[in-house]
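Down below is the structure, laid out as structure tokens.
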2 protein chains.
Amino acid sequence: MPLTEAGIYAAALRLIDADGVEALTMRKLATVLDANPMSLYHHVPNKEAVLRGVTRMVGSQFRTVTLENAPWQERIRLLATDFRTLAHRHPKLMAYSFSHQPDFIQREDPFLVALTAILDAAGVPLSKIPETAAVVCAVVTGVLTAELNGALHQWANIKPLIAPTADDNGSTNSDPDEERIFRLVLDTIITGLESRLTPDRDGQAAGR
Amino acid sequence: MPLTEAGIYAAALRLIDADGVEALTMRKLATVLDANPMSLYHHVPNKEAVLRGVTRMVGSQFRTVTLENAPWQERIRLLATDFRTLAHRHPKLMAYSFSHQPDFIQREDPFLVALTAILDAAGVPLSKIPETAAVVCAVVTGVLTAELNGALHQWANIKPLIAPTADDNGSTNSDPDEERIFRLVLDTIITGLESRLTPDRDGQAAGR
DNA sequence: ACCTGAACACCGTTCAAGT
DNA sequence: ACCTGAACACCGTTCAAGT
């Protein structure tokens, strides 16, 4: 099999999935592809480009069903959990991409297209869609980063110093923590967006 | 000046602030400290430990004023913006820490102590404080990560594909975008938390 | 206890040379 | 056009040796 850009990315993804981004090496990548390390440089300018390529490749794989008729809250929830599923399929890569590839989510990406459509359907004025989309992207990638690197788990299991917890019964917390907190974040942000969209009885304008 | 653990961390921080985490090298660190590269290993087990040490050092520097009598919404806003200020003082390090140091925010850290107190004052039941704190930590570090690596700026400036924007008047967006969106995220999450705390007239329990 | 030089096992990438 | 070997300029870390 001849060397191709796509083939290089695919092999890099396998290495990353297995051993993490920091273990990816041009030389290992060449070995896996049965090639000379220097041959790669005829298809790819450097290692950074490999990482960028793998990131865009996975990002463009994202698919989500569009429930045109469901309420926007449900649709955004589904979009976010679909995105979470993708993140869990390639956790090492996604943790890297979220922090190192600022253009990971681009205009044409299915995620952003779907998100834009949902926000529009929700009644977000067109001029506020970019900033609202940014809020959602930041929150979703943020909580996923924390979930993928273990921070979320740690935070959720910290016992507050406040009120030294007199009874420390032996039951340790049950562990599907991460998904619960992911949903909690989602619910919280959705509720927050809701009340920005429905001007409440105090007459506060939507989107102040 | 003799080599010390704290001195090593301080020098490492200067290098990171200047050139980024990926440019930090045990050998450069030694040069800056006027020492032999191998001397460092008598005070620090390895490079990873240096990064951990620098992270904890900066994390413990965090300070915030405690407005006991202000409403919890104001207090959490202040806490978050104080944290943002710290993040901007060492952007390269913090971007790294958020994604690579899951224990960056620990129980004894002033940030978490203050957050716990605020959530308690807000009326969050003690049993729900950890998960609520996790939500806030995830959202704040998430939006800061996106801000520090430029993703937030990109997202906020993407023109939706929807409705091809007939009039593209020359005025480019004015740029204090990041801070505005940071506040927007904060407002959204606070509003979301509020409605979780004040059971609304439909009788939905607080914290379902 | 602390420091150090040499060495090992790696990296990414350039470059001139091959087909 | 594509591949390749040798080489360069780096890494982190071990280890035996020094004081």
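Throughout, a chain's letter reflects where its sequence line sits, starting with A, and its residues are numbered from 1.
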- Message: Less than 3.5 Å apart, any donor N or O on the side chain of B:Q101 or B:R56 sitting next to an acceptor on the other?
- Response: no
- Between C:dC10 and D:dC8 - C1' atom distance, rounded Å: 15 Å
- Query: Below 4.5 Å, heavy atoms only, C-beta onward: do B:T25 and B:L15 meet side chain to side chain?
  - Reply: no
- Task: Identify, residue by residue, the members of residues 7-21 of chain B with a heavy atom below 4.0 Å from DNA chain D, and return them in order of residue number, or none.
- Result: none
- Task: With the side chain counted from C-beta on, respond yes when B:R89 and B:V58 share a heavy-atom pair under 4.5 Å apart, and no when they do not.
- Result: no
- Taking B:T4 for the side chain and B:G7 for the main chain, is one N or O donor matched with an acceptor at less than 3.5 Å? yes
- Query: Quick one: does A:L33's side chain get under 4.5 Å of A:L40's, heavy atoms only?
  - Reply: yes
- Query: Where the side chain of A:H43 meets the backbone of A:L3, is there a donor-acceptor pair that is under 3.5 Å apart?
  - Reply: yes
Please list each protein N or O that sits under 3.5 Å from an N or O in nucleotides 12-15 of chain C, with the distance.
residue: C:dG12; atom: OP1; partner: A:M26; partner atom: N; Å: 3.1
residue: C:dG12; atom: OP1; partner: A:K47; partner atom: NZ; Å: 3.3
residue: C:dG12; atom: OP2; partner: A:M26; partner atom: N; Å: 3.1
residue: C:dG12; atom: N7; partner: A:R27; partner atom: NH1; Å: 2.3
residue: C:dG12; atom: O6; partner: A:R27; partner atom: NH1; Å: 3.2
residue: C:dT13; atom: OP2; partner: A:Y41; partner atom: OH; Å: 2.8
residue: C:dT13; atom: OP2; partner: A:K47; partner atom: N; Å: 3.0

Please list, one pair per line, the donor and acceptor atoms closer than 3.5 Å that link side chains of residues 136-151 of chain B to other protein atoms, with sequence neighbours excluded.
residue: B:T141; atom: OG1; partner: B:C137; partner atom: O; Å: 2.8
residue: B:T141; atom: OG1; partner: B:A138; partner atom: O; Å: 3.4
residue: B:T145; atom: OG1; partner: B:T141; partner atom: O; Å: 2.8
residue: B:E147; atom: OE1; partner: B:R84; partner atom: NE; Å: 3.1
residue: B:E147; atom: OE2; partner: B:R84; partner atom: NE; Å: 3.3
residue: B:E147; atom: OE2; partner: B:R84; partner atom: NH2; Å: 2.6
residue: B:E147; atom: OE2; partner: B:H88; partner atom: NE2; Å: 2.8
residue: B:N149; atom: OD1; partner: B:A151; partner atom: N; Å: 2.9
residue: B:N149; atom: ND2; partner: A:F98; partner atom: O; Å: 3.1
residue: B:N149; atom: ND2; partner: A:S99; partner atom: O; Å: 3.2

- Message: Using 30° and 60° as the class boundaries, would you call the ring planes of A:F83 and A:F62 parallel, tilted or perpendicular?
- Response: perpendicular
- Message: Before you tell me yes or no, could you show the steps for B:I8 and B:E5 under side chain to side chain contact (heavy atoms under 4.5 Å, CB included), namely the whole-Å CA-CA distance, both residues' side-chain angles and the distance that decides it to 0.1 Å?
- Response: CA-CA 5 Å; B:I8 291 174; B:E5 205 185 320; 5.8 Å; no
- Dot-bracket for DNA chain D, 5' to 3', counting Watson-Crick or G-U wobble pairs under 3.5 Å, with [ ] for crossing pairs and | for inter-strand pairs? ||.|||||...|||||.||
- Query: Got a sec, which residues hit side chain to side chain donor-acceptor pair (under 3.5 Å) with B:E68, two or more places apart in sequence or on another chain?
  - Reply: none
- Query: Do the non-hydrogen side-chain atoms of B:F111 and B:L79 ever get within less than 4.5 Å of each other?
  - Reply: yes
Dump the pairs, protein N or O against N or O of nucleotides 1-3 of chain C, anything under 3.5 Å, distances to one decimal.
residue: C:dC3; atom: OP2; partner: B:H43; partner atom: NE2; Å: 3.4
residue: C:dC3; atom: N4; partner: B:H42; partner atom: NE2; Å: 3.0

- Message: Between B:R180 and B:D177, does any side-chain N to carboxylate O distance fall below 4.0 Å?
- Response: yes
